[in-house]
Amino acid sequence: MNIQTLTNYFLEYGAFFIYLIVLLEYLNLPGFPAGVIMPLAGIWAAKGDISFPLVMVLTVLAGLTGSWLLYFLGRLGGPKVMGWYFKKFPKHRAVIEEKMEMLREKGGKGVFVSKLLPMVRTIISIPAGMVQMEFMKYTVSSLLGIFIWNLVFVGAGYFFGEAAIQVLS
């Protein structure tokens with residue numbers, strides 16, 4: 001997907017498009033990089049096509065929805081899901097097991113910090129569910145991390161506007 005295609009989808013589907021793309025990105029699906037869609041949403045807000053607060057609400061809700069889905073996937077089907085995942089990606093086993101141990105030790109602080117780290121931020125939800133982290137603690141920790149991450153990316157697009165398009169193109 002290029003910038004023009006994303007812009008055309010936004011013009012056609014509006015705010016729902018931002019929510020959907022960010023949700024898919026938080027579900028850790030390939031092809032939906034936050035480093036592109038969130039700054040672009042910030043650019044749209046800077047141009048007046050959508051309000052900045054609305055973009056933030058949409059992206060945070062999408063991030064939280066995706067995180068909850070992966071959390072419950074881990075909580076309800078963790079061992080089966082991880083068995084399949086480790087067969088497909090055996091090199092990831094050590095990293096995920098390390099993250100599960102970190103979650104057992106650090107709890108909500110571990111989720112918060114993980115939500116600020118590329119690659120780890122989306123996948124951490126499954127181990128959090130697998131270790132049966134208390135849902136409200138998980139939600140608050142995720143919400144804070146998601147808000148900061150999204151604010152940086154959406155804010156970059158908003159404040160750097162057209163210059164950001166040159167970098168993304």
Side-chain angles (χ1 to χ4, degrees), residues 1-76 81 85 99 103 107-129 133-169:
M1 265 193 239
N2 63 34
I3 303 276
Q4 190 56 50
T5 301
L6 292 172
T7 300
N8 290 341
Y9 282 136
F10 171 70
L11 293 173
E12 187 171 339
Y13 300 109
F16 176 74
F17 173 71
I18 294 171
Y19 176 87
L20 179 63
I21 293 296
V22 174
L23 171 64
L24 294 173
E25 192 269 334
Y26 269 90
L27 286 171
N28 204 31
L29 297 174
F32 300 100
V36 173
I37 189 62
M38 285 197 255
L40 191 54
I43 292 168
W44 293 329
K47 290 174 139 183
D49 295 331
I50 189 169
S51 77
F52 183 83
L54 179 57
V55 169
M56 285 304 301
V57 167
L58 288 169
T59 62
V60 170
L61 284 176
L64 199 54
T65 303
S67 296
W68 282 341
L69 290 170
L70 292 180
Y71 170 87
F72 283 114
L73 179 68
R75 189 160 185 136
L76 302 174
V81 169
Y85 188 83
K99 294 303 170 201
L103 287 172
K109 290 177 190 170
V111 170
F112 171 74
V113 169
S114 295
K115 291 292 181 180
L116 301 174
L117 301 173
M119 298 168 100
V120 176
R121 67 189 192 79
T122 54
I123 201 74
I124 195 66
S125 301
I126 295 172
M133 179 178 280
E134 194 243 309
F135 183 68
M136 282 310 295
K137 182 186 285 188
Y138 169 78
T139 296
V140 170
S141 300
S142 291
L143 182 66
L144 293 172
I146 289 167
F147 177 79
I148 291 169
W149 179 270
N150 293 9
L151 182 62
V152 167
F153 278 87
V154 173
Y158 186 83
F159 290 109
F160 298 116
E162 291 301 320
I165 287 210
Q166 300 304 319
V167 173
L168 295 174
S169 296

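This chain uses plain numbering: 1 for the first residue, then up along the sequence.
Residues Pro118 and Trp149 form a side-chain contact, since some pair of their non-hydrogen atoms from C-beta on lies under 4.5 Å apart. Looking at Val60 and Met56, their side chains come closer than 4.5 Å, going by heavy atoms from C-beta outward. In this structure, the side chains of Ile50 and Leu58 come closer than 4.5 Å at one or more pairs of heavy atoms. In this structure, the side chains of Val55 and Trp44 stay at 4.5 Å or more apart for every pair of heavy atoms.
Looking only at distances, no side-chain donor or acceptor of Ser141 sits under 3.5 Å from a matching main-chain atom of Phe112.
With rounding to the nearest 0.5 angstrom, the CG atom of Leu103 is 12.0 Å from the CD1 atom of Ile126. Taking CD of Glu25 as the start and CZ of Arg121 as the end, the distance is 4.0 Å to the nearest 0.5 Å. Taking CG of Leu151 as the start and CE of Met38 as the end, the distance is 11.0 Å to the nearest 0.5 Å. Between the CG atom in Leu40 and the CD1 atom in Ile18 there is a gap of 8.0 Å [rounded to 0.5 Å]. Separating the CZ atom in Phe17 from the CD1 atom in Ile37 is a distance of 4.5 Å, to the nearest 0.5 Å. The structure places OG1 of Thr59 at 13.5 Å from CD1 of Ile21, a figure rounded to the nearest 0.5 Å.
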| query | Do Leu27 and Thr122 pass the side chain to side chain contact (heavy atoms under 4.5 Å, CB included) test, and can you show the C-alpha distance, the side-chain angles, and the key distance before you say yes or no? | reply | CA-CA 7 Å; Leu27 286 171; Thr122 54; over 6 Å; no
| message | Working note: Phe52 + Val154, criterion side chain to side chain contact (heavy atoms under 4.5 Å, CB included); need CA distance, chi angles, decisive distance, verdict. | response | CA-CA 8 Å; Phe52 183 83; Val154 173; 3.4 Å; yes
| task | For side chain to side chain contact (heavy atoms under 4.5 Å, CB included), just list the numbers for Leu117 and Ile124, CA-CA rounded to whole Å, side-chain angles, deciding distance to a tenth of an Å, and then say yes or no. | result | CA-CA 10 Å; Leu117 301 173; Ile124 195 66; over 6 Å; no
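Residue Tyr26 is tested with Leu69, Leu70, Asn150, Leu64 for a side chain to side chain contact (heavy atoms under 4.5 Å, CB included); the sole match is Asn150.
Annotation for Ile146 and Ser67: closest pair CD1-OG, 3.6 Å, computed over non-hydrogen atoms.
A side-chain donor-acceptor contact under 3.5 Å links Ser125 and Lys115. Side chain to side chain, Tyr19 and Thr65 meet the donor-acceptor criterion of an N or O pair below 3.5 Å.
Between Trp68 and Phe72, the gap from one ring centroid to the other reaches at least 6.0 Å.
For the pair Arg75 and Tyr138, the cation-pi test (distance below 6.0 Å, angle within 45°) is failed.
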